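Structure first, then comments.
Just so we're clear, the structure is a prediction, and the values are computed from it rather than from any experiment. Chain identifiers are assigned alphabetically (A, B, ...) following the order of the sequence lines, protein sequences preceding nucleic acid strands; residue numbering begins at 1 within each chain. We use all heavy atoms of the structure for the numbers below, so side chains are in, but hydrogens, waters and symmetry mates are not.
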There are 4 protein chains.
Amino acid sequence: MPDHTIQQSLIADQRISDPRSARGRLLTSAARLFREQGYERTTVRDLASDVGIQSGSLFHHFRSKEDILKAVMEETIILNTEIMRAALARAETVRDKLRSLIACELESINGQTGEAMAVLVFEWRSLSDASRAEILKLRDVYEALWMEVLSALEEEGRLKADPFVTRRMLTGALSWTITWYRPGGSMSLEDLTGEIMGMLGL
Amino acid sequence: MPDHTIQQSLIADQRISDPRSARGRLLTSAARLFREQGYERTTVRDLASDVGIQSGSLFHHFRSKEDILKAVMEETIILNTEIMRAALARAETVRDKLRSLIACELESINGQTGEAMAVLVFEWRSLSDASRAEILKLRDVYEALWMEVLSALEEEGRLKADPFVTRRMLTGALSWTITWYRPGGSMSLEDLTGEIMGMLGL
Amino acid sequence: MPDHTIQQSLIADQRISDPRSARGRLLTSAARLFREQGYERTTVRDLASDVGIQSGSLFHHFRSKEDILKAVMEETIILNTEIMRAALARAETVRDKLRSLIACELESINGQTGEAMAVLVFEWRSLSDASRAEILKLRDVYEALWMEVLSALEEEGRLKADPFVTRRMLTGALSWTITWYRPGGSMSLEDLTGEIMGMLGL
Amino acid sequence: MPDHTIQQSLIADQRISDPRSARGRLLTSAARLFREQGYERTTVRDLASDVGIQSGSLFHHFRSKEDILKAVMEETIILNTEIMRAALARAETVRDKLRSLIACELESINGQTGEAMAVLVFEWRSLSDASRAEILKLRDVYEALWMEVLSALEEEGRLKADPFVTRRMLTGALSWTITWYRPGGSMSLEDLTGEIMGMLGL
DNA sequence: AATGAATGAGGGTTCATTCAT
DNA sequence: CATGAATGAACCCTCATTCAT
């Protein structure tokens, strides 16, 4: 099942917004603006004018500015979790599963959902405690997929470091790619995935 | 030359502030508050009351709020660059030099200057273009120390991946430790340094 | 002619709304909400949801929010004026007429139209000048009924104070009952009417 | 002790604001504007321009707009309670005490604090629950002064109606004078007080 | 009539910065 | 140097009203 189909199915289930809907276009704009300028420095007027509506109209779609931030994070985690789950299902060996995880995460960070993923990392403190708790639940599901594979790999004796530490290192290293990796350059995401597998000795 | 002495000498040269001076205490508070709440969500009143003065008095020490942010970043880079330079001088082999770099960076992120380092990473977008350019110059000096060692290591044929990519991965992985590593737990920074050297196959 | 029949006849003449019509139900809701929360703090959405329609649909029944306020006031004065006129016709002596006026006004304030009457008193300043002028005309008719009786009583030498002052005192005292009198308690409106007549020495 | 001296002493005790201070002038303006236009229709910009400052400067003196409303009510009750207490001390017979209460309340409603007293009556619903509770405590003290005198009068057998009902009637009748009584006309407040005593048969 | 998305002016409030004292 | 009242622009959000469907 290709990523596009997964997205369609999540839209049908109303777990994420249709990117062509008013709400969806708003979230796309928000992800970009929050990523470029930061959540606090982005005004609701910036956001409204970016999607071509008046600032008051935002509040027909979201109860508050923070609600928009939460939705950006929520929808990107939901989508990427499902994409990753599908990729894991296609992989056969545990090693392949890890490669899939790395490839998916790199794609999520440097592809279509890159801006939203950066927001997830950099605007974490702008969430209210209540919203943070909700997002953490989704994040736990996502992280569980990683830990399952890393633990299996450790049991096979093929992981040099502690799975927990390894995941932390990978999280940092992969999310940091947003600051320097440029798709379309001499190195493809495929290449990068290989390089990282190499560093892990796999 | 111990770190403490390096600091003394930088203070004497007026390249960084004495932490006991009004300016120094202000920067320490700012680093902590900016790290905890974010730069935008920290008001100058928060800052002033944290050091026990009135908000108007801040502006006798700094021209603007952004000036405080810039100073936090500036001074932490200057200090850590010098500490790293001294550590490199003490190391004999290239491999030892790399270990020193990793150890220093981990220490800078998780030790005394941790809050300021986190600010450097997470509040980057709050800098004006002019300030950003100034900080970038200092950062280039710092990064040059890293690249020199990684290139030497590559020439020795002991580095598996591209030095540039390796540094990027390390930057992400090391800076991310701020979000999960807890000093005083079962793993010392020494242990962590070793684990990372291991991952690099060194 | 009982009050109910007076109401029917005013509805037939289209001087007030049928309480079962959309417009009538809206005015009943409006009176209650304006009284409980105040006119300014009541939104048209509150009002619409209270009658089970969408806010946009309100404007098929009334030109503006203020128009609703005006109608609440207008219809309650018209109704109570006619009820009072009928009561006066039934009373024989001048003293009985005064008792009827007091009883009617107490009933209007603490009975079915109580909410609307409270709105009339407390939301006066929310009317535009134009609306205020219209309501004042109706109020003059209502007040003329009172002054006629009080003047007659003075001519009979049975009123201790000036009719004008007496009416003002009664207006204040009677309208204030809305804040403390509870129907169904130990004192009936009949009792209260008697008590007030007593205070006037009648 | 003249009213002016009572005010001075309350200012010295910081129970009310000096009318010449920034805070005091603000409260005077607020009372007038809230009375003329209503609390909700008065914007903080109206208020600020009325005292000749910028809207943001209001918030150096009061935490919120509602805080201003609360202060208007609070200070006027405190002042009038003390003025009334002093007047009671000067009166000798119970009948004189009641006359003093009526005279004081008429003065409070139609004199210097008239606007604030009107706000107290008409803007009650604009207070938050918390503020309302605070004001109610002060109001209870004020009302206790009334009930004490009315109860004493009843024991002397000189009060025709129930003290509770009498007070309610008087509250309504006296507060309503704000809507029609004009000082400087043919009837003085002294005259009006006499007229009311007469109505009560005293 | 009814809908409900959109409007856009205006609301209360915040906050970095200034400056007379 | 320190104060703290004052500034004024900008912020998020509300809401009566409109209008295409």
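Considering only heavy atoms from C-beta on, B:Tyr39 stays 4.5 Å or farther from B:Thr42 through its side chain.
Not counting sequence neighbours, B:Asp46 has no partner by the salt bridge (Lys or Arg N to Asp or Glu O under 4.0 Å) test. Scored by the salt bridge (Lys or Arg N to Asp or Glu O under 4.0 Å) test, A:Asp129 finds A:Arg132 as partners (sequence neighbours excluded). Residues satisfying the salt bridge (Lys or Arg N to Asp or Glu O under 4.0 Å) criterion with A:Glu36, sequence neighbours excluded, are A:Arg32.
The distance between atom CZ of A:Phe62 and atom P of F:dC12, rounded to the nearest whole Å, is 15 Å. A straight line from CD1 of A:Ile53 to P of E:dA5 spans 12 Å, rounded to a whole angstrom. One atom, CG of D:Leu58, and another, P of F:dT7, lie 10 Å apart when rounded to the nearest Å. In this entry the distance linking CD of C:Gln54 with P of E:dA5 reads 8 Å, nearest Å. Atom P of nucleotide F:dT14 and atom CG of C:Leu47 are separated by 19 Å, given to the nearest angstrom.
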task: Encode nucleotides 13-21 of chain E as B, S and - characters from 5' to 3', where the letter depends on protein heavy atoms closer than 4.0 Å: B to the base, S only to sugar-phosphate, - to neither.
output: BBBBBB---
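Salt bridge annotation for B:Arg23-B:Glu75: present, with a cationic side-chain nitrogen under 4.0 angstrom from a carboxylate oxygen.
Closest of all the heavy-atom pairs between B:Ser17 and B:Ile11 is O-CG1, 3.9 Å.
End-to-end axis angle of the helix from E:dA2-F:dT21 to E:dT21-F:dA2, from C1' rotation axes over five pairs per end: 10° (rounded to 10 degrees).
Dense packing is recorded around CD of B:Glu40, with more than 12 heavy atoms of other residues, nucleotides or ligands lying under 6.0 Å away. More than 12 non-hydrogen atoms from other residues, nucleotides or ligands lie less than 6.0 angstrom from CD of D:Glu66.
Using a 4.0 Å cut-off, no side-chain N or O of B:His61 falls inside it from OP1 or OP2 of F:dC1.
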message: Is there a side chain to side chain contact (heavy atoms under 4.5 Å, CB included) between B:Phe34 and B:Leu69? Walk through the geometry before answering.
response: CA-CA 8 Å; B:Phe34 292 168; B:Leu69 177 61; 3.9 Å; yes
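Contacts of residues 12-26 of chain A with DNA chain E (heavy atom under 4.0 Å): none.
In this structure, D:Lys70 forms no cation-pi arrangement with D:Phe62, as its terminal cationic atom is not both closer than 6.0 Å to the ring centre and no more than 45° off the ring axis.
A donor-acceptor pair is defined here as one N or O able to donate and one able to accept, closer than 3.5 Å; such a pair exists between the side chain of B:Arg41 and the backbone of B:Gln37.
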